[in-house]
J.: 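Here it is: the structure, laid out below.
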Amino acid sequence: MSGDQLHNDSQIEADFRANDSHKHKDKHKDREHRHKEHKKDKEKDREKSKHSNSEHKDSSEKKHKDKEKTKHKDGSSEKHKDKHKDKDKEKRKEEKMKSSSGDIKIKKEKENGFSSPPRIKDEPDDDGFYASPKEDSKPLKRPREDDDADYKPKKIKTEDIKKAKKRKQEEEEDSKAKKIKSKDKKVPDADKRKKPKKEEEQKWKWWEEERYPEGIKWKFLEHKGPVFAPPYEPLPENVKFYYDGKVMKLSTKAEEVATFFAKMLDHEYTTKEIFRKNFFKDWRKEMTSEEKSTITSLSKCDFTHMSQYFKAQTEARKQMSKEEKQKIKEENERLLKEYGYCVMDNHKERIANFKIEPPGLFRGRGNHPKMGMLKRRIMPEDIIINCSKDSKIPAPPPGHKWKEVRHDNKVTWLVSWTENIQGSIKYIMLNPSSRIKGEKDWQKYETARRLKKCVDKIRNQYREDWKSKEMKVRQRAVALYFIDKLALRAGNEKEEGETADTVGCCSLRVEHIKLHPELDGQEYVVEFDFLGKDSIRYYNKVPVEKRVFKNLQLFMENKQPEDDLFDRLNTSILNKHLQDLMEGLTAKVFRTYNASITLQQQLKELTNPDDNIPAKILSYNRANRAVAILCNHQRAPPKTFEKSMMNLQSKIDAKKEQLADARRELKSAKADAKVRRDEKSKKTVESKKKAVQRIEEQLMKLEVQATDREENKQIALGTSKLNYLDPRISVAWCKKWGIPIEKIYNKTQREKFAWAIDMAEEDYEF
DNA sequence: GGTAATACTTAGGATAAACGTC
DNA sequence: GACGTTTATCCTAAGTATTACC
């Protein structure tokens, strides 16, 4: 157990102090063209190989170079590769020389503190109270009423109802205020009745049922199909578009696309060159030939009037009367009721995204080469419907046809279509509260728990592998060490030019790390600096073991900054290896495992039994935060952050004054009582005492809130809470300390984690 | 065996709704 | 009840991993 892997309070504190520089969204700018040269080189290489290798087909050429990189099955391919790389390098050097003047240096960042997963203690295995959904437990039958003929949303076992009722009651209490409010709002009777009574009360406990055999996702599926985006409504006559200072009436198609841009006018996107270029190119495709010949420059286009019109509309929407708002709400509810649910195997389940994505401009994240491109309108003819053969097949809108109707129960999606920006498939799937998602989620945490049992062995093995004679094995071992220690993502290969230039572990390049034999009094420090998923910057200085350090030096030998650090490795090689170590093990399981185990340990460490509830919740949030830091879950500081902190501070100040006053009053009441010695003054003292206590508590609450908020400035807790932390840990913690679960999970989260809330007891161990 | 296609999870920002305060 | 702030929900991009295909 190495000390550097231990989290402690002060370390976490340090993390927060340092994270002024944690969020780096803006900093991308100075990196934006860092890889341009690299890309250009590769582009050139492609060209080169095209010419020298005429039998290659276009499509294979595009990948040629990358593929070469990943070929390392045997010595010959390695040789080939090296040769190839040498050529590349020379070329790059030249290019580099030419371009180095334009290379912008990255701003130096403060260290964001090294947060690494804590070490694993040997803990008793607790596999067992509930049948865990392991892959190996594959029941052949599911003891449900699977008669495919009758699929009304089902009633649930009666014994569940009590508990469900209880839960419901709690929820109701929790949202008492809301309900009262909604009553005030004169919700129509029908609405008032339907929700609380029927379905909600009878929550189905799918986790108490046996699962389908591997591969089968459902036996019956019926739904109403997707909801399409509303058709385009042309602008009113008085809303003008100007070109080169003159009013210009646009054709409907061109106007629609123009409105997409106008709606984003205040956004930084519209100032970016790539965005503008892509937009203009796609916009022109929608223009009439006349428009095309007139509108030749985007900078001469004036969308401000259109933009103002949309702003006014937004404003008007805000100003709508209660009745109007209510009407919209009801319409949405109707839509939800009709299209928002499906029937899957006797149960009515909520659909996550039943609305088709409307057309608009593509907003890629980070430095995305396709930002600004037109996302076209999806028509029924683009849609593939997936449902049961014997279900009522959804009808396409009048005058339209579906692209296809299929009946594939090996998948979970209900609807799919291919989007035009990346050519990827989009799906309509079920809500996280559904059985099909919940089971998978549960299974994910069970896999992570299995990793817990063999992680020591795996760690020993990769440490051994650092000494391997085979380069490939060494690289794999070092990469795995990073994935384990730093919770890095796997790092699949990406197609160049199609997406922002981001990397994960296996795709790290030499330029993404710096080696410091000694730094700030620590030996063998690796400095990471790269853009990860969503172009979120990962910056960390990590002391590593000597052998890792030496290996990294070796991997970087004779390489250019743009070369892959792990040139003999990719995610599929790594995952194949992991599969051999443990069934179901992949790189991402380490993230889940380390996140959950960190939460559990942090909770143990930080929870003070004597604390009151708000203080305990602060501890919980701090534990959660440790995980968020580990996983590098960042957010842009809220725009109103400073202001809200100031508000809170003034509240605290006011409370302090109030407390001082109350204390003074108590003091004089005491003095008074001493003199008078009567019942009345005694009572006054008591009540003043209570007042002081009450105010002290309020003050403490506010102070805790301020601490929490400050520490959370740039850290997003939600992602880890929703995706990485075994909810049973949180549930057990709540039960152990008598914290209402509502303080930790909101309604949606409670729905998603219903299985965990129901099954975890206070002694649950991850 | 490599690549492309597919399916699904994870992610942060935008927006809407709820809430608190005056 | 208006308004500002906070929180929840929605949205969809961007990952991972597996599967299908040549």
Side-chain angles (χ1 to χ4, degrees), chain A residues 23 25 59-60 62-63 66-68 70-71 73-74 77 175 177-178 181-182 215 217 264 267 314 317-319 322 325 328-329 332 352-358 360 362-366 368 370-371 375 386 408 410-413 416 418-419 421-427 429-432 436-437 440-441 444 489-495 498-500 502-507 532-536 570-572 574-576 578-579 584-589 591-592 631-636 638-641 643-644 647-648 651 705 709 716 718-720 722-724 745-749:
Chain A
K23 190 78 194 177
K25 305 260 147 101
S59 58
S60 63
K62 200 169 178 229
K63 297 268 160 73
D66 294 342
K67 301 313 149 176
E68 289 302 332
T70 56
K71 255 189 229 164
K73 287 289 150 206
D74 55 45
S77 67
S175 56
K178 291 178 219 163
K181 246 191 179 170
S182 64
K217 304 293 167 65
M264 291 175 76
H267 203 288
T314 312
R317 225 173 301 134
K318 276 188 206 155
Q319 300 302 325
K322 254 189 189 171
K325 280 184 183 168
I328 293 174
K329 205 177 165 190
N332 285 337
N353 55 325
F354 57 92
K355 289 179 185 159
I356 300 280
E357 295 170 20
F362 176 73
R363 304 154 90 116
R365 303 195 184 134
H368 201 296
K370 296 192 171 184
M371 65 168 89
K375 254 178 71 164
N386 191 32
D408 182 358
K410 307 270 193 305
V411 296
T412 67
W413 54 269
S416 75
T418 302
E419 105 351 295
I421 304 291
Q422 315 278 4
S424 64
I425 308 170
K426 300 259 183 167
Y427 302 93
M429 290 185 189
L430 295 193
N431 200 50
I436 214 160
K437 293 289 181 191
K440 199 80 189 295
D441 209 34
K444 172 180 76 186
R489 295 187 185 83
N492 281 335
E493 285 145 296
K494 301 167 70 182
E495 211 167 322
E498 297 290 304
T499 59
T502 63
V503 297
C505 186
C506 292
S507 49
K533 182 177 178 179
D534 291 325
S535 295
I536 297 291
N570 62 36
T571 53
S572 100
L574 178 65
N575 281 337
K576 250 177 219 141
L578 293 175
Q579 195 61 237
L585 186 60
T586 63
K588 96 187 178 81
V589 177
R591 241 165 111 82
T592 312
C631 295
N632 201 37
H633 291 145
Q634 303 184 31
R635 63 167 184 169
K639 283 179 194 113
T640 53
F641 184 83
K643 202 175 162 195
S644 90
N647 286 348
L648 196 51
K651 266 189 189 172
Q705 205 185 339
R709 193 176 296 175
T719 306
S720 50
L722 233 46
N723 301 300
Y724 288 103
Y745 292 136
N746 67 30
K747 187 167 151 272
T748 316
Q749 291 164 340

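Chain A is the first sequence line, chain B the second, and so forth, proteins listed ahead of strands; every chain is numbered from 1.
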J.: Is the distance from OP1 or OP2 of dC8(B) to the nearest side-chain N or O of Thr412(A) less than 4.0 Å?
T.: yes
J.: Please encode protein proximity along nucleotides 10-20 of chain C as a string of B, S and -, counting only heavy-atom distances under 4.0 Å.
T.: S-BBBSBBS--
J.: Between dG2(B) atom P and Asn570(A) atom CG, what is the distance in whole Å?
T.: 9 Å
J.: Quickly work out the Met264(A) CE to dT15(B) C1' distance and round it to whole Å.
T.: 14 Å
J.: Please write out each protein N/O paired with an N/O of nucleotides 4-7 of chain C under 3.5 Å, distance rounded to 0.1 Å.
T.:
unit_1: dT5(C); atom_1: OP1; unit_2: Lys643(A); atom_2: NZ; d: 2.8
unit_1: dT5(C); atom_1: OP2; unit_2: Lys643(A); atom_2: NZ; d: 3.2
unit_1: dT6(C); atom_1: OP1; unit_2: Arg709(A); atom_2: NH1; d: 3.0

J.: Between P on dA7(B) and NZ on Lys217(A), what's the gap in Å once rounded to a whole number?
T.: 10 Å
J.: Mind listing the closest non-hydrogen atom pair of Lys370(A) and Phe362(A) along with its distance?
T.: O-CD2, 3.4 Å
J.: Would you mind reporting whether Gln422(A) and Glu495(A) have side-chain heavy atoms less than 4.5 Å apart?
T.: no
J.: May I have the distance from Asn332(A) (atom CG) to dT9(C) (atom P), rounded to whole angstrom?
T.: 15 Å
J.: Would you kindly give the CD-to-C1' distance between Gln319(A) and dA16(B), to the nearest whole Å?
T.: 15 Å
J.: In Å and rounded to the nearest 0.5 Å, what is the NZ to CD distance from Lys375(A) to Glu357(A)?
T.: 4.0 Å
J.: Among dA7(B), dT9(B), dA11(B), which is the nearest nucleotide to the side chain of Tyr427(A)?
T.: dA7(B)
J.: With a 4.0 Å cutoff (strictly under), does any side-chain N or O of His633(A) reach OP1 or OP2 of dT10(B)?
T.: no
J.: Would you indicate what Lys325(A) reaches in the nucleic acid, counting non-hydrogen atoms under 4.0 angstrom: base, sugar-phosphate, or nothing?
T.: nothing
J.: Taking all heavy atoms of Asn386(A) and all of Asp408(A), pick out the closest pair and write down the distance.
T.: OD1-N, 2.7 Å
J.: Quick check: does any side chain N or O of Lys494(A) sit under 3.5 Å from a backbone N or O of Ala500(A), one acting as donor and the other as acceptor?
T.: yes
J.: Distance check needed: dC8(B) C1' versus Asp408(A) CG, whole Å only.
T.: 14 Å
J.: Counting just side-chain N and O atoms, does Lys444(A) come under 4.0 Å of either OP1 or OP2 of dT10(B)?
T.: yes
J.: Starting from the 5' end of DNA chain B, give me the residue, Asn723(A) or Ile425(A), whose nearest nucleotide shows up first.
T.: Ile425(A)
J.: For a 4.5 angstrom cut-off between non-hydrogen side-chain atoms, does Thr719(A) reach Cys631(A)?
T.: no
J.: Could you report the tightest heavy-atom contact between Lys217(A) and Ile436(A), atom names first, then the distance?
T.: O-CD1, 3.5 Å
J.: The side chain of His267(A) is closest to which nucleotide in this list: dA14(B), dA11(B), dA16(B)?
T.: dA14(B)
J.: Starting at atom CZ of Arg635(A), determine the distance to atom C1' of dA14(B), rounded to an integer number of angstrom.
T.: 14 Å
J.: Do any N or O atoms from the side chain of Lys325(A) and from the backbone of Arg317(A) form a donor-acceptor pair under 3.5 angstrom?
T.: no
J.: Whole-Å distance between dG2(B) C1' and Glu495(A) CD?
T.: 14 Å
J.: How many angstroms lie between atom CE of Met371(A) and atom CD1 of Ile421(A), to the nearest 0.5 angstrom?
T.: 12.0 Å
J.: Can you tell me how the ring of Trp413(A) sits relative to the ring of Tyr427(A), calling it parallel under 30°, perpendicular over 60° and tilted otherwise?
T.: tilted
